[in-house]
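We name chains A, B, ... by the order of the sequence lines, and we start the count at 1 in each one. Computed from a predicted model, the values in this text were never measured in an experiment.
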Amino acid sequence: MRKLINEPKSFVDEMLEGVLLAHPESLRSPARRVLVRADAPRQGKVAIVTGGGSGHLPLFMGYVGQGLADAVAVGDVFASPSAEQVLEATRAVDGGAGALYLYGNYSGDTMNFDLAAELAQLEGLETTTVLGADDVASAPPAEAARRRGVAGIAMLYKVAGAKAELGATLGQVVEVTERAAAGLRSMGVALSPCTVPAAGKPTFDLPEGEMELGMGIHGEPGVARGPLQSAADVGADLARRLVADLPYERGDEVAVLVNGLGATPVEELYVLFRTVHAVLAEHGVQVRRAWVGEYATSLEMAGASVSLMRLGPELLSLLEAPSRSPLLARW
Amino acid sequence: MRKLINEPKSFVDEMLEGVLLAHPESLRSPARRVLVRADAPRQGKVAIVTGGGSGHLPLFMGYVGQGLADAVAVGDVFASPSAEQVLEATRAVDGGAGALYLYGNYSGDTMNFDLAAELAQLEGLETTTVLGADDVASAPPAEAARRRGVAGIAMLYKVAGAKAELGATLGQVVEVTERAAAGLRSMGVALSPCTVPAAGKPTFDLPEGEMELGMGIHGEPGVARGPLQSAADVGADLARRLVADLPYERGDEVAVLVNGLGATPVEELYVLFRTVHAVLAEHGVQVRRAWVGEYATSLEMAGASVSLMRLGPELLSLLEAPSRSPLLARW
Amino acid sequence: MPATALPHALGAAAQALAASAPELNRLDGFAGDGDLGVTMTVVAEVAQEVLAREEADGTRLLSSLGAAIARRAPSTSGTLLATACLRASQALRDDQGAPVEVMLHCFSAALEGVMARGKAEPGDRTLVDGLNAICGSLERSVADGTSWPLALLEAAGAAQAMAEATSNMEPRKGRASWVPQRALGHPDAGCSMLAIGLQAAAQACQPLP
Amino acid sequence: MPATALPHALGAAAQALAASAPELNRLDGFAGDGDLGVTMTVVAEVAQEVLAREEADGTRLLSSLGAAIARRAPSTSGTLLATACLRASQALRDDQGAPVEVMLHCFSAALEGVMARGKAEPGDRTLVDGLNAICGSLERSVADGTSWPLALLEAAGAAQAMAEATSNMEPRKGRASWVPQRALGHPDAGCSMLAIGLQAAAQACQPLP
Ligand SMILES: Nc1ncnc2c1ncn2[C@@H]1O[C@H](COP(=O)(O)OP(=O)(O)O)[C@@H](O)[C@H]1O
Ligand SMILES: Nc1ncnc2c1ncn2[C@@H]1O[C@H](COP(=O)(O)OP(=O)(O)O)[C@@H](O)[C@H]1O
Ligand SMILES: [Mg+2]
Ligand SMILES: [Mg+2]
Ligand SMILES: [Mg+2]
Ligand SMILES: [Mg+2]
């Protein structure tokens with residue numbers, strides 16, 4: 001392992017200590033492994049609660065902030081948080097307007113969030129769930145609901161958070177977030193494995209010079225393995241699959257997120273974006289907004305993913321609304 | 001190589017194409033391999049011009065924006081930009097109030113910026129240079145001017161940019177930036193090598209399980225190589241060397257930057273910060289502000305650096321002034 | 001199994017699971033995320049803590065264990081194991097029959113709980129298949145009047161046989177279902193985990209020769 | 001060297017430097033950033049372009065080459081080579097002496113320019129040492145009346161000897177100066193580069209036997 005850690009066991013808790021020491025003005029912890037916006041609860045505002053495994057920063061914790069989520073339940077590396085944590089998070093940010101549970105579609109997480117939702121209901125706390133399920137590599141279009149959630153959820157936080165900040169009801173926040181999710185597709189490529197600290201060994205083998213197309217952000221197998229292709233070929237392949245999956249029509253507008261999985265330099269992500277932009281132009285799809293950087297990582301995995309969200313007028317303005325989180329804004 | 005690239009030769013230019021396609025509202029390119037703020041030149045404002053090799057994103061390009069630098073000259077991977085580029089950058093952002101050349105202390109860069117300064121002077125453009133020379137591993141305190149510049153320069157952009165935005169004169173901007181630089185110290189540790197695309201092979205060998213203390217951000221050798229230590233030991237070692245180098249006194253206030261070199265997960269950086277914070281507390285030094293993330297990378301090198309800036313009242317408020325760049329603020 | 005044997009059996013299972021962590025990570029890595037061994041290391045640790053703390057009351061032991069696993073190891077397998085423990089605890093409280101019957105009722109309750117929580121059916125290549133095989137074996141033991149230590153051993157064998165059988169089954173739930181072909185040729189990690197735990201528990205309960 | 005031989009000599013040097021790129025990267029990697037070969041590949045490419053474009057006028061050739069290197073390969077060694085070319089071009093224009101004297105004047109001008117730009121002194125383990133050795137050898141050749149092809153060959157030998165001698169010298173300028181001990185035992189990358197380039201140029205200029 002090439003890791004700056006202490007005991008693997010205490011990795012997540014030490015990380016959280018560091019986060020709280022670094023950002024006391026933005027984040028606080030009302031319960032073990034739960035972080036909330038320092039100004040929570042906000043009376044009358046729909047609360048957005050998220051959570052998931054560690055090892056994906058800035059996902060999930062980084063999306064807690066103004067115009068984004070209100071609370072996060074933090075799991076162990078690549079493992080769901082507990083229902084108890086989700087319930088604590090819900091209690092801590094409840095502003096009387098209900099809560100949106102927004103997280104990625106993984107069975108450990110859905111079981112724990114569902115259980116938390118039942119427990120919250122017993123306490124009179126209303127919740128509705130919207131899942132990130134954007135990875136087209138994880139199931140065919142007909143079974144889109146089975147798909148796992150990857151980096152595209154970053155855009156969902158932005159949409160839901162902005163809508164909630166505007167004073168919308170839970171129903172309205174859910175409606176627009178579901179609409180955004182329905183037009184959201186992602187797919188990635190891995191160039192190296194990653195190592196869960198407590199496991200001590202890479203989750204899978206991926207020799208130098210090979211790549212795995214469609215790999216999940218926890219190292220779940222992808223749809224094809226083969227020799228490493230050029231950025232132009234990889235970018236075109238990913239973009240074409242995403243365009244075909246929705247599918248897009250000429251004249252559609254789109255927001256693009258090119259995400260690094262951890263070890264891939266941001267320079268390479270821009271090279272990849274260049275090709276994605278060209279392929280979209282070929283298909284008559286106009287890029288209205290683009291983000292390039294690390295939005296959802298897989299520890300130190302090398303590789304990248306591309307996410308496309310089809311835009312309507314409300315979605316673009318929500319994506320462009322102000323937001324602020326200490327882990328996303330470097331300054 | 002585990003890289004998403006096309007021809008190594010065209011890497012930098014394709015990256016720049018991607019950057020311009022992704023952020024047309026924030027950045028434009030008035031000359032080859034020169035980027036400036038979309039709203040440049042700003043009449044009456046001191047212009048801040050930077051530049052350096054590629055492979056360090058968000059350094060240098062990411063620090064072009066409101067409250068930061070005005071222009072960047074972009075070199076090949078790990079190589080200086082040319083004097084001609086620096087001159088073009090200076091011309092494009094000149095607002096009649098002179099320019100600060102702010103960049104890292106590397107001989108290729110100083111030769112080219114100095115030459116550009118001479119050429120600019122022939123055109124009646126006034127310039128003054130402040131160098132980032134924060135890496136304590138590169139020379140003893142008595143020869144501090146010989147030190148190379150690493151991640152700490154991120155804080156200098158912030159200080160200089162905020163001061164210039166307030167309408168200060170070139171002399172005033174230089175004064176405060178020099179004061180900030182005088183109290184700035186950094187040191188890093190590498191856990192893996194990195195590969196320059198055109199070289200095709202790692203710049204140096206660093207087997208798994210070893211680390212190199214004090215390595216430079218281009219893979220320049222460090223001060224000691226040995227078995228990989230725990231985050232607590234590494235963090236304490238780095239923090240103690242930095243505290244001793246200035247040296248700090250009880251009651252001093254400090255801004256801290258924990259920087260990832262590329263492949264190291266942000267989670268680990270927070271674990272490291274936790275120890276740095278504790279060591280500073282032991283020395284009676286108060287952390288007024290902290291940033292943790294990737295501010296100056298070395299391609300896909302694994303490792304981290306710690307930067308400390310001793311604060312006075314003006315420095316803190318400049319560090320906290322608003323700023324905005326598309327490569328730094330993810331949303 | 002008489003309630004007094006439970007701590008002993010659980011302790012043995014926990015130890016075996018912790019020792020098999022690398023193998024369980026490896027199996028989970030073929031089509032999942034390679035962390036089942038990490039989860040089971042935590043589960044084993046939690047079990048040792050609960051065993052050290054709790055009296056030998058089986059109902060209390062299982063409910064404490066379930067609650068602790070839910071809190072500390074909330075991955076898919078952890079959450080489902082927690083559910084299984086809580087359901088088994090309930091079944092144990094309501095039941096005063098012969099040892100093998102009690103075991104059957106506990107495992108049946110666990111199976112039901114896991115199916116409700118995880119929404120998997122038999123044949124989906126999940127813990128449900130392993131628990132199903134265990135219940136089937138215990139049913140036969142009840143019918144045959146097998147002694148409880150032997151019934152436990154046979155149930156462990158059935159779990160092992162099912163784990164092997166899953167090698168030819170395509171996963172339809174959980175991470176492994178996203179690229180189901182990748183799992184083929186390897187036993188399901190979760191079923192292997194059940195087999196390892198039950199085998200150790202059964203061995204620990206055999207009368208000395 | 002008569003001006004007509006210059007393109008031939010430069011072409012040969014460029015080719016040799018490009019071929020030695022991996023070795024130059026390796027040498028630069030011991031104490032620097034391991035990219036001297038990358039820079040020299042660009043320099044060689046630029047040289048081929050300029051040679052393909054320019055007339056055989058030595059002054060023009062060297063000034064075009066210097067300007068192009070400054071633009072396209074602005075690393076430490078690239079910028080200093082550019083300076084060297086520009087200064088040599090100027091010296092060539094002002095000088096109509098015998099070939100070996102012209103060579104000496106060009107290299108002396110280059111050395112002066114490199115020292116002014118890079119602020120290194122002899123003994124700092126930089127290009128200055130290599131250029132210094134070349135100038136010393138050319139001075140002796142002038143004194144001895146050596147023919148220009150042989151003078152070139154001897155200058156290349158002197159550059160090579162100096163490169164070897166740098167193995168025992170601590171760097172005091174550039175990246176390598178930050179951890180000077182790391183450089184010991186390996187020749188300076190920049191001096192090796194000069195030796196390789198000059199050796200190839202000299203070979204290309206020898207009369208056929
Ligand atoms: N819906 C489900 N119902 C029952 N068991 C399941 C289900 N999904 C997955 N499993 C079991 O869980 C095992 C993986 O457990 P674990 O590694 O903890 O999951 P994850 O890492 O996805 O949280 C699988 O091998 C399978 O036996
Ligand atoms: N100040 C200087 N003056 C002359 N030569 C120098 C100086 N600094 C470094 N060099 C030479 O440059 C070589 C390295 O060149 P290069 O790899 O292009 O530098 P960098 O990568 O630092 O830009 C060194 O081996 C040395 O010979
Ligand atoms: Mg998992
Ligand atoms: Mg260099
Ligand atoms: Mg798993
Ligand atoms: Mg170099």
Side-chain angles (χ1 to χ4, degrees), chain A residues 1-6 11-12 14-19 21-23 54-55 57-58 67-68 158 189 191-192 208-209 228 230-232 234-235 262-274 277 287 290-295 297 299-300 302-304 323-325 327-331, chain B residues 1-6 11-12 14-19 21-23 54-55 57-58 67-68 158 189 191-192 208-209 228 230-232 234-235 262-274 277 287 290-295 297 299-300 302-304 323-325 327-331:
Chain A
M1 289 199 292
R2 298 182 187 265
K3 287 186 190 287
L4 279 173
I5 57 172
N6 300 304
F11 179 57
V12 170
E14 291 180 352
M15 180 262 292
L16 285 170
E17 274 181 49
V19 168
L21 284 168
H23 311 299
S54 292
L57 283 185
L68 298 163
K158 186 84 183 166
V189 61
L191 272 57
S192 85
E208 191 173 321
L228 179 56
S230 69
V234 171
T264 289
V266 176
E267 283 84 353
E268 297 177 27
L269 304 180
Y270 278 107
V271 171
L272 196 65
F273 172 72
R274 174 180 165 273
H277 191 280
V287 176
W291 293 279
V292 178
E294 291 183 353
Y295 289 82
T297 60
L299 294 169
E300 66 285 301
S323 62
R324 183 112 201 132
S325 117
L327 279 87
L328 289 182
R330 265 166 286 202
W331 289 128
Chain B
M1 287 198 292
R2 299 182 186 266
K3 288 186 189 284
L4 279 173
I5 56 172
N6 300 303
F11 179 56
V12 171
E14 291 180 353
M15 180 262 293
L16 285 171
E17 274 181 49
V19 168
L21 285 168
H23 311 300
S54 292
L57 284 185
L68 298 164
K158 186 82 182 167
V189 61
L191 273 57
S192 85
E208 192 172 321
L228 179 57
S230 70
V234 171
T264 289
V266 176
E267 283 84 353
E268 297 178 26
L269 304 180
Y270 278 107
V271 171
L272 197 65
F273 172 72
R274 173 181 166 273
H277 191 280
V287 177
W291 294 279
V292 178
E294 292 182 353
Y295 290 82
T297 60
L299 293 169
E300 66 284 303
S323 61
R324 182 112 201 133
S325 115
L327 278 86
L328 289 182
R330 266 165 287 203
W331 287 129

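Highest contact tally toward chain B, considering only A/Glu268, A/Lys158, A/Met15, A/Met1, is held by A/Glu268 [criterion: heavy-atom pairs under 4.5 Å]. Comparing A/Gly55, A/Ser54, A/Gly209 by how many heavy-atom pairs each has under 4.5 Å with chain B, the most go to A/Gly55. Of the listed residues (B/Ser323, B/Ala290, B/Pro265), the one with the most heavy-atom contacts under 4.5 Å to chain A is B/Pro265. Listed options B/Leu4, B/Leu68, B/Thr297, B/Leu21 were ranked by heavy-atom pairs under 4.5 angstrom with chain A; first place goes to B/Leu4. Taking B/Gly293, B/Ala329, B/Ala232, B/Ala302 one by one and counting their heavy-atom pairs under 4.5 Å with chain A, the maximum is reached by B/Ala232.
A/Thr264 contributes no side-chain N or O that, together with a main-chain N or O of A/Ala304, makes up a donor-acceptor pair within less than 3.5 Å. Side chain of A/Asn6 to main chain of B/Ser230: no donor-acceptor pair is present (N/O by atom type, distance under 3.5 Å, no hydrogens or angles). Looking at A/Arg2, its side chain does come within 3.5 Å of a backbone N or O of B/Leu191 through a donor-acceptor pair. In this structure a side-chain-to-backbone donor-acceptor pair under 3.5 Å is missing from B/Tyr270 to A/Ala22. Not one N or O on the side chain of B/Arg274 forms a donor-acceptor pair closer than 3.5 Å with the backbone of A/Gly18.
Taking each heavy atom of B/Phe11 and A/Glu267 in turn, the nearest pair found is CZ-CB, 3.5 Å.
Proximity to chain B (any heavy atom under 4.5 Å) is shown, for A/Leu299, by both the backbone and the side chain. When heavy atoms are compared at a cutoff of 4.5 Å, B/Val19 approaches chain A by way of both its backbone and its side chain. Within the 4.5 angstrom heavy-atom criterion, atoms from both the backbone and the side chain of A/Val266 approach chain B. Interface residue B/Ile5: backbone and side-chain heavy atoms are both found under 4.5 Å from chain A.
For A/Lys3 and A/Glu300, the salt-bridge test passes: some basic side-chain N is under 4.0 Å from an acidic carboxylate O.
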